[in-house]
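Here the structure comes first, spelled out in structure tokens, and everything after it is commentary.
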Amino acid sequence: ALMVALAICSLVLYLLTLMLAEKLSSNTVDAQEVELIWTILPAIVLILLALPSLQILYMMDEIDEPDLTLKAIGHQWYWAYEYTDFKDLTFDSYMIPTTELPSGHFRLLEVDHRIVIPMESPIRIIITANDVLHSWAVPSLGVKTDAIPGRLNQTSFITTRPGVFYGQCSEICGANHSYMPIVVESTPLTHFEHWSTLLSS
């Protein structure tokens, strides 16, 4: 898209320079064929640029067979999570206060219960809120979806490596919205199964 825009800008700059430097005849300026071309050509270029984007948006919108579905519910001022299709796990995730934070952890970003997901697996997350507008956002995963009371929004992502990914509520949902951190821990499948067994027992 940037190369197409650069080519168009260069062409327009060249034509403007040509018009200022040389005297064009009135036939060239008033030509109906030229007007038709510079009206239709940009429309064709815009359509060709939009088609790949529409295809990607369509492919990202729906995930047919996710390995795991996770439900995130926004509350004031914490997140509640449900693994409803996997051993029916539910828990609340609160930010750890600075006075209780273990050494080496991130202040205002660490939580008492992390979301643990298996890596290299399609994950669908259904997001809603219980009271006011929230927004479930993890920038390093490329995920940001609004949590709206009475509405279910969904998004999906895949983690390709083990690690810990941090996010926060990115909606100005009230005084303490910045105290709603999100921590996603991506682990191999065996570790995820061990974690879910410990949590459910």
Side-chain angles (χ1 to χ4, degrees), residues 1 46 49-98 101 105-161 163-187 192 195-196 199-200:
L46 287 174
L49 284 174
L51 286 177
S53 299
L54 290 173
Q55 183 182 7
I56 291 170
L57 283 172
Y58 177 76
M59 290 170 66
M60 289 175 62
D61 186 50
E62 191 72 37
I63 182 165
D64 293 330
E65 295 179 1
D67 289 349
L68 181 68
T69 299
L70 175 66
K71 186 176 181 183
I73 305 166
H75 300 267
Q76 292 177 319
W77 305 100
Y78 66 96
W79 292 98
Y81 296 102
E82 299 176 5
Y83 290 75
T84 51
D85 61 351
F86 192 85
K87 298 186 179 179
D88 202 20
L89 301 175
T90 59
F91 58 87
D92 296 334
S93 180
Y94 290 88
M95 184 190 76
I96 298 177
T98 305
L101 194 66
H105 287 75
F106 293 114
R107 189 178 73 87
L108 302 180
L109 285 177
E110 196 57 65
V111 295
D112 57 355
H113 292 99
R114 294 177 172 179
I115 307 164
V116 179
I117 57 168
M119 58 180 273
E120 296 180 345
S121 300
I123 308 297
R124 174 174 57 196
I125 180 159
I126 298 170
I127 300 162
T128 188
N130 195 36
D131 36 44
V132 297
L133 291 175
H134 298 285
S135 187
W136 200 87
V138 184
S140 53
L141 292 176
V143 178
K144 180 184 182 295
T145 304
D146 288 340
I148 302 168
R151 180 185 175 109
L152 294 176
N153 288 332
Q154 80 168 11
T155 188
S156 59
F157 60 89
I158 298 174
T159 56
T160 56
R161 60 182 173 81
V164 180
F165 306 91
Y166 293 92
Q168 280 181 316
C169 175
S170 59
E171 185 73 53
I172 303 177
C173 55
N176 295 323
H177 82 100
S178 57
Y179 296 97
M180 293 178 64
I182 301 157
V183 183
V184 179
E185 185 175 346
S186 174
T187 63
F192 171 75
W195 169 83
S196 63
L199 197 65
S200 59

Pairs of donor and acceptor atoms involving the side chains of residues 174-184, under 3.5 Å and at least two apart or interchain, shall be tabulated with distances.
unit_1	atom_1	unit_2	atom_2	d
His177	ND1	Cys169	O	3.3
His177	ND1	Glu171	O	2.9

Go through the steps for Thr128 and Ile148 under the test side-chain contact (heavy atoms from CB on, under 4.5 Å), then give the verdict.
CA-CA 5 Å; Thr128 188; Ile148 302 168; over 6 Å; no

Beyond-backbone contact of Lys144 with Ser135, side-chain heavy atoms, under 4.5 angstrom
yes

Between NE2 of His75 and CG of Asp92, what distance do you get to the nearest 0.5 Å?
6.5 Å

Check Ile125 against Ala72 and note the closest heavy-atom contact, atom names and distance.
CD1-CB, 4.0 Å

Quickly, which of Ile117, Leu89, Thr187 forms a side-chain contact (heavy atoms from CB on, under 4.5 Å) with Trp195? Name it, please.
Leu89

Any non-hydrogen side-chain atom of Ile127 less than 4.5 Å from a side-chain atom of Leu152?
no

Closest non-hydrogen atoms of Gly74 and Asp131, given as atom of the first, atom of the second and distance, are O-OD1, 3.9 Å

Heavy atoms of other groups near Leu46 CG, more than 12 under 6.0 Å
yes

Is there any side-chain hydrogen bond (donor to acceptor under 3.5 Å, both in side chains) pair reaching into residues 105-116, and which pairs are they, with sequence neighbours excluded?
Glu110-Arg114, Glu110-Tyr166, Arg114-Glu185

Are any of the side-chain heavy atoms of Gln76 and Cys173 separated by less than 4.5 Å?
no

Might you point out which heavy atoms bring Pro149 and Leu133 nearest each other, and give the distance in Å?
CD-CD2, 4.1 Å

Who passes side-chain contact (heavy atoms from CB on, under 4.5 Å) against Glu82, sequence neighbours left out?
Lys71, Ile73, Thr84, Thr90

Under 4.5 Å between any side-chain heavy atoms of Ser121 and Leu68, yes or no?
no

Over all atoms of both residues, closest heavy-atom pair of Thr159 and Pro118:
OG1-O, 4.1 Å

Just verifying a value: how many Å separate Thr155 OG1 and Leu141 CG, rounded to the nearest 0.5 Å?
10.0 Å

Could you tell me whether Phe91 atom CZ has more than 12 heavy atoms of other residues or ligands within 6.0 Å of it?
yes

Any Asn153 side-chain heavy atom under 4.5 Å of Trp136 side chain
no

Ala129 and Ala147 have their tightest heavy-atom pair at CB-O, 3.5 Å

List the steps and the verdict of side-chain hydrogen bond (donor to acceptor under 3.5 Å, both in side chains) for Thr69 and Arg124.
CA-CA 5 Å; Thr69 299; Arg124 174 174 57 196; 3.1 Å; yes

Aromatic plane relationship, Tyr83 with Phe192 - under 30° parallel, 30 to 60° tilted, over 60° perpendicular:
tilted

Parallel, tilted or perpendicular for Trp77 and His134, by the 30°/60° rule?
perpendicular

Is there a side-chain contact between Phe165 and Ser186 in this structure, where contact means two heavy atoms from C-beta onward sitting under 4.5 Å apart?
yes

